[in-house]
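Just the heavy atoms: all of them, side chains too, but no hydrogens, waters or symmetry mates, feed the values below. Residue indices begin at 1 and follow the sequence shown.
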Amino acid sequence: MKNKKLIIGIAAGAAILAGAAVVIARKRAKRNHQLDIENAKAHFRGKLNELQRKAQKELKGTGSDVKEAVNAAKDRANEWVNSVNS
């Protein structure tokens, strides 16, 4: 009888430890998953900021190019009008 109770007690203890191990593993996996999500968010946010900076720099550089192109087109149009009127 004592051996049977001892075996049942050991089995119950092992079952409790196994259950606790499963709970701990799930919490750890969830925490690691949350860290992965946070790292991905930070990386993506950094990439978006970098892309935004590059786009703003291009926009500033393009602004003067557009003005030059418009002025060149305007000069050519004026030359054409003057040549037609002459």
Taking only residues two or more places apart in sequence, or in another chain, which ones meet E38 in a side-chain contact (heavy atoms from CB on, under 4.5 Å)?
K41
For residues 43-53, dump all side-chain donor-acceptor pairs below 3.5 Å to protein atoms at least two apart in sequence or in another chain.
{"from": "N49", "atom 1": "ND2", "to": "R45", "atom 2": "O", "distance (Å)": "3.4"}
{"from": "E50", "atom 1": "OE2", "to": "K54", "atom 2": "NZ", "distance (Å)": "3.3"}

Would you give the length of the straight line joining atom CG of D36 to atom NE2 of H33, rounded to the nearest 0.5 angstrom?
7.5 Å
